[in-house]
Amino acid sequence: MAFDTTGFGQADGGRYVPISEHGLIGDLRTTALVGTNGTIDWYCCPRFDAPSVFGSILDADRGGSFELAAEVPTRTRQFYFPDTNVLITRFFAADGVAEIQDFMPVVDESREADRHRLIRRVICVRGILPFGARIAPRFGYGTQSHTTHLEGHTAVFRSPSLTLALTATAPLETDGQDVWSHFKLLEGESHVFALDQIGDDVPPRACPRAEAQEQADATVRFWRHWLAGSRYHGRWREMVNRSALLLKLLTYAPTGAIVAAPTTSLPEQIGGERNWDYRYVWVRDAAFCVYAMLRLGFTSEAEAFMGFISERGILRGMGESGPLQIMYGIDGRTELPEYELPHLEGYLGSGPVRVGNAATGQLQLDIYGALIDSIYLYDKWGQPISSDRWDEVGAVVDWLCERWDQPDEGVWETRAGRRDFVYSRLMCWVALERAMRMANRRGLPADLPRWRESRDAIYRQIMRRGWSAERGAFVQALDGHVLDASLLMMPMAKFISPTDPKWLATLDALTTDLVSDSLVYRYDPTASPDGLHGPEGTFSICSFWYVEALARAGRLEEARLAFEKMLTYANHLGLFAEEIGPTGEQLGNFPQAFTHLSLISAAFNLDRALG
């Protein structure tokens, strides 16, 4: 069944909604993407990294979806219930106005945490509108068959790995696989659809209108109560709040893990091969999230992530690449084998669709600086770390003293072999410097002479070999000449003064080579091959780093203009994907934690600089 969705931009003749035309809902265990056409086209159950149930964003024909829309031509608008993650999609037609309220109740661990309820309330607010729904799950990324049993207002979808129950106040029909419904709403009338994971201990349960209203109210209260803990009251409060709510949505409550993004294989270039699975815990991304959360006053999220690190013994690991892997599963698992799903065509035909991530085995030395910096900040702004955690930090720093001076794959996870990346050296310096700060501030035992010797050696190496006299700038790799936007972190990491002549020259060079309007490219892949084919868009985290670098350099008018320009690239809800394409389209996995945490940092520091 195809619904007429006249009035909003679509790609590929309407088979794919643009990436930016989505909102995100979730319950701190998993999430769902809801298009402005009313379709849920991405949903993994029961958790972020589970196989998709609805995956039509990766294959419009085989991925599965939950369609719900007016059956007449409409214009649509989408917004969040203020200060919450309850999403509202409105339909404006000639004869009436209606809205869908989409949300996932955040359930206490002790009360039906395994139900994973997704609720869709359809309400006619003016006039009269006919609606249609089609629920077409495709389990296991569309690889598993299922049966459908319909009895009255309840449909049970049963696959080998997962069973879902759909309860509705509207009439349901089935063809043995999919379920659909047609109904007409008058002003003031509503219908409810609730999709639950069920099992032996979680039976199907109806969701009458009164209960749906109660759960909606409870969900609103939860998100507003949580957001009230923010201490940011600056100029860009609405955007910062939305970013904070998004970062919270990407938290896996049972373990405290923070995923990089809730999707897999949304392309960095339409038709290209840069399609990756981001539903895991990148040490770097999660550590930066801790910084952003602490900056806003959310210490419990930082504490939960520290619990994830300690309870799973992550600092005590010792694999081929060292104590830390660059990423982990949301349950702390270390094996994330990468494979392709050839039966799915990919978003707009952008295959391959990948599950898992082969970058797990890469050596990326910068993650040590990111993690130890987050531990330092938590120790300073949250709770002092325990003696056991300090012993683990000390062991990691001792390991780093022996191995900082080696090539790695770098922050951008290049697949063209290891190199001596300056950013990796920079963050090794951060790891040593922050560990020394903790030791000195709290009088903790440490081999400070050895740590200091390594820290200073890194500093001298970067200043001597990371600086190119030919380019008049710090460069991507030792003794090289290619620029890299990761170097925007140099003043933010307090490695160099933001007004140092060498840094200001680097900032000017980056502006000339990598900045387009306010948008920043990571590097030039033609000058620095990364082992992958094709170009990519500008990297949004780098664009916000650029804003912060300008602000710290005292170039406040430039910084503010660049920041305001960046905000225009957000979607209608204030959400960002990983990258921005040539004509302003959102590219890559969506929405992305990295982008939003850097937005928070840029807003906070620019606001403070402006006074």
Determine whether the aromatic ring centres of W412 and F539 lie less than 6.0 Å apart.
yes

Looking only at the aromatic ring of each residue, does the gap between the centers of W282 and F594 stay below 6.0 angstrom?
no

Do P254 and R29 have side chains that approach each other closer than 4.5 Å (heavy atoms only, starting at C-beta)?
yes

Just jot down the side chain to side chain donor-acceptor pair (under 3.5 Å) partners of R434, sequence neighbours excluded, or say none.
D373

Ring center gap for F563 and W236 short of 6.0 angstrom:
yes

Between the side chains of R425 and D366, is the shortest nitrogen-to-carboxylate-oxygen separation below 4.0 Å, so that they form an ion pair?
no

For S486, give me all partners under side chain to side chain donor-acceptor pair (under 3.5 Å), at least two apart in sequence or on another chain.
D484

Tell me whether R295 forms a cation-pi arrangement with F604, defined as NZ or CZ under 6.0 Å from the six-membered ring centre and within 45 degrees of its axis.
yes

Could you list all the salt bridge (Lys or Arg N to Asp or Glu O under 4.0 Å) pairs where at least one residue sits in residues 331-344, not counting sequence neighbours?
R47-D331, D49-R333, D331-R333, E338-R354, E338-R415

Would a line drawn from the ring center of F495 to the ring center of W429 be shorter than 6.0 Å?
yes

Kindly write out the residues that satisfy side chain to side chain donor-acceptor pair (under 3.5 Å) with T89, not counting sequence neighbours, or none if the list is empty.
Q78

Apply ring pair (Phe, Tyr, Trp, His ring centres under 6.0 Å) to Y16 and Y347, showing your working.
CA-CA 7 Å; Y16 291 93; Y347 176 79; 5.5 Å; yes

Can a cation-pi geometry be assigned to R120 and F66, taking NZ or CZ under 6.0 Å from the six-membered ring centre and within 45° of the ring axis?
yes

Holding to side chain to side chain donor-acceptor pair (under 3.5 Å), I want the full list of residues that pass it with D61, two or more places apart in sequence or in another chain.
R15

Residue pairs involving residues 582-593 (criterion side-chain hydrogen bond (donor to acceptor under 3.5 Å, both in side chains); sequence neighbours excluded):
T263-N589, E578-Q592, T583-E585, Q592-T595

